[in-house]
Number of protein chains: 2
Amino acid sequence: MDTNELPANVLDPDCPSRVIFQRIGDKWASLVVQVLADGPIRFSELRKMVHVVTPKVLTQTLRTLERDGLITRTVHAQVPPRVDYELTELGTSLLEPLTLLRLWAEDHVPSILEARDAYDDAKDEAVLGG
Amino acid sequence: MDTNELPANVLDPDCPSRVIFQRIGDKWASLVVQVLADGPIRFSELRKMVHVVTPKVLTQTLRTLERDGLITRTVHAQVPPRVDYELTELGTSLLEPLTLLRLWAEDHVPSILEARDAYDDAKDEAVLGG
DNA sequence: TTCATTGGTATCCATGAGGTAACTAAGTTC
DNA sequence: GAACTTAGTTACCTCATGGATACCAATGAA
């Protein structure tokens, strides 16, 4: 980062970090990155791992990740074609915070589901009481 | 988690953790949580902090966070009204992984912007060369 | 009586993310 | 020469997200 620039700040709508931060929340991108944690994988295998993603959307996701330097795309001169996707160093570095977030989500599923039930019950009571 | 259930897995489209994981990537939710890190805040202040979010969308976001047990909403009987939003314990626990992710995004802005430039240049060369 | 304040709602509308389905290249096998 | 394979592309469509705008409730101040 140039020292003349303000520090990156996701709360600033004009700061690129905000865009990047939100890209991580992309419906498929972060899942793909986590699948790639286990090493290089080809397109069709990736599709099976991520489950129920159409080729168009998976391609879009992969192109974006490639463009952002998070993954590499290696085409093997074979027929039928073989294309491997692999995390770059940058992509691997993302894996760490992403994994913590995934673990948080997986750990707190019960708390959140409970909170939802309680919230819905309170709504019901409000309706009955009102 | 009930021991009879399979462990939570964000890669399983039927696992609630996937929905929760993706909710974190919501355009506004994770920003709101990070603003609330500094303590309780009222609606209008929150709007200023998050920047350029319409009241409708902010309300939607807050309701969802409240429903999921991440924040509390406290209405003070005043006129004009005063409503404070505050992180719950659960919300605070999310703050930790979320902050790591934010720091990752802010730290790697330059790498990603570089990667984009390189990618675009490569595209240009391919066009010129072809 | 009218305005200002705060925390929203209600309504309408545009965008785009994502889904469906069909199609292609190019060589290998039957 | 027809079918199969992988890794996509293309055209088309739908629906949810989010944005713009206007409005409201309740009360104190001017």
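Each chain gets a letter, A, B and so on, in the order the sequences are listed, and its residues count up from 1. In this text, all values refer to a predicted model and were calculated from it rather than measured experimentally.
- Distance CG (B:L31) to C1' (D:dG18): 14 Å, rounded to an integer number of Å.
- Within residues 54-79 of chain A, the residues having any heavy atom under 4.0 Å from DNA chain C are, by residue number, A:T54, A:K56, A:V57, A:V79.
- Side chain of A:T88 to backbone of A:G69: a donor-acceptor contact under 3.5 angstrom is found.
- Between the C1' atom of D:dT6 and the CG atom of A:L46 lies a distance of 14 Å, rounded to the nearest Å.
- The side-chain heavy atoms of A:I41 and A:D84, taken from C-beta on, include no pair separated by under 4.5 Å.
- When the P atom of D:dT6 is taken as reference, atom CZ of A:R47 falls 11 Å away, rounded to whole Å.
- Rounded to a whole Å, the CZ atom of A:F43 is 10 Å from the C1' atom of D:dT9.
- In the displayed structure, A:Q78 atom CD is contacted under 6.0 Å by more than 12 heavy atoms of other residues, nucleotides or ligands.
- Between the CG atom of A:D26 and the P atom of C:dA17 there is a distance of 9 Å, given to the nearest Å.
- The closest side-chain heavy-atom distance from B:Y85 to B:E45 is not below 4.5 Å.
- Nearest-nucleotide mapping onto DNA chain C: of A:P80 and A:W28, the residue sitting toward the 5' end is A:W28.
- Note on B:L95: it clusters hydrophobically with A:F21, by side-chain heavy-atom contacts below 4.5 Å among ILVMFWY residues.
- The shortest distance between the side-chain N/O atoms of A:K27 and the OP1/OP2 oxygens of C:dG19 is below 4.0 Å.
- Between B:R42 and C:dG7 there is a side-chain N or O to OP1 or OP2 distance below 4.0 Å.
- With sequence neighbours excluded, no residue forms a ring pair (Phe, Tyr, Trp, His ring centres under 6.0 Å) with A:W28.
- Rounded to an integer number of Å, the gap from CG of B:D84 to P of C:dT6 is 13 Å.
- Counting to the nearest Å, the C1' atom of C:dT5 and the CD atom of B:E45 are 13 Å from each other.
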